[in-house]
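Data block below; observations after.
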Number of protein chains: 2
Amino acid sequence: MVTKQFKGSLKDEADLTRADSLAREIFSDVANKWALLIIEAVGERTLRFTELRNEIEGISHKMLTQNLRMLERNGLVERRVHPTVPPRVEYTLTEPGRALRATVDAMCDWTHRYLGHIETARHRFDS
Amino acid sequence: MVTKQFKGSLKDEADLTRADSLAREIFSDVANKWALLIIEAVGERTLRFTELRNEIEGISHKMLTQNLRMLERNGLVERRVHPTVPPRVEYTLTEPGRALRATVDAMCDWTHRYLGHIETARHRFDS
DNA sequence: CTGTATCCGAATAGATACTG
DNA sequence: CAGTATCTATTCGGATACAG
């Protein structure tokens, strides 16, 4: 699996298995549409909840909070609460978050580069 | 959204909207756990259905076929059927598939690089 | 404004049985 | 071996209502 190349750096099989399942867990958290779109949307900026909601076409209130919570838990976004009324909450990418964003950028570029390719592949397949 | 930077290259708003929704569609197809794990598992190799199933920890028969069909439809994997009995079906990444794999590799690297980071972030959050 | 909770339908995913 | 089909349980996701 994904962690094969790291075998050498670990003490024993138990550690490997643990690291492996943790890696898979993180991968599962992160490798989902909404999480990646949020990472991409925040980018270098500092955005409020509602701004984020407006940036990401089609995301629901629920999915946004749910995924923001998850990303915060994994330390990929920082959540800063201003104790005002009405409340003002701002989200920023952390260093790990920005590093992940680089790979998401690459994925978005890929999508656009192969848009035509994929569209024709689909037509061929659907007949 | 994701395609903002491509505005200049398109003829009109209609094209933009269409390209945008197609991009989002492709992104949604691809930005999911099983699809990315399959891409990663195939890599530079040519693998049979069962080999793939064994490579990818925890994937079910159903999810594998379903996602392979989707990847084939989008032209990311090539499916070669040998008309023998029992049948032998082999999967390989196409050029677009290999290009995507590069970004998945980056994402796997990211996972491992920040494993510790994330683990401690989780502990902090969960208390 | 941001967030939690709940209800409910839709989509996802596993298990199993069956076919060429 | 590879794939389809079906049944079922779980999860996902949207809508809504409500609280700080």
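Quantities reported herein were computed from a predicted structural model and do not represent experimental measurements.
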Might you point out which heavy atoms bring [X] and [Y] nearest each other, and give the distance in Å?
| X | Y | value |
| --- | --- | --- |
| B/Gly43 | B/Leu93 | O-CD1, 3.4 Å |
| A/Ile39 | A/Leu71 | CD1-CD2, 4.1 Å |
| A/Pro96 | B/Trp110 | O-NE1, 3.0 Å |
| B/Asn67 | B/Ala35 | OD1-N, 3.8 Å |

All salt bridge (charged side-chain N to carboxylate O under 4.0 Å, His left out) counterparts of A/Arg73, not counting sequence neighbours: B/Asp126

To the nearest Å, how far apart are [X] [atom1] and [N] [atom2]?
| X | N | atom1 | atom2 | value |
| --- | --- | --- | --- | --- |
| A/Lys62 | C/dG9 | NZ | P | 14 Å |
| A/Met63 | C/dT12 | CE | P | 13 Å |
| B/His61 | C/dA17 | NE2 | P | 14 Å |
| A/Arg53 | C/dC1 | CZ | P | 11 Å |
| B/Leu37 | C/dA13 | CG | C1' | 15 Å |
| B/Trp34 | C/dG14 | CH2 | P | 6 Å |
| B/Ile56 | C/dA13 | CD1 | C1' | 15 Å |
| A/Glu90 | C/dC1 | CD | P | 14 Å |

Gap separating the CG atom of B/Leu115 from the OG1 atom of B/Thr120, nearest 0.5 angstrom: 10.5 Å

Separation between CG of B/Asn74 and OH of A/Tyr114, rounded to the nearest 0.5 Å: 14.0 Å

Of the listed nucleotides C/dG14, C/dG3, C/dC1, the one nearest the side chain of A/Arg48: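 Nearest to the side-chain atoms of A/Arg48, counting from C-beta on, is C/dC1.
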
Salt-bridge contact A/Glu72-A/Arg69 (side-chain N to carboxylate O under 4.0 Å): yes

Salt bridge (Lys or Arg N to Asp or Glu O under 4.0 Å) partner of A/Arg45, chosen from A/Glu51, A/Glu90, A/Glu55: A/Glu55

Range on DNA chain D touched by chain A - first to last nucleotide, heavy-atom distance under 4.0 Å: D/dG13 to D/dG20

Nucleic acid contacts of residues 78-87 of chain A, taken as heavy-atom distances under 4.0 Å to DNA chain C: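 Correct list: A/Arg79, A/Pro86, A/Pro87.
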
5' precedence on DNA chain D between A/Asn67 and B/Tyr91 (nearest-nucleotide basis):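 Upstream on the strand: B/Tyr91.
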
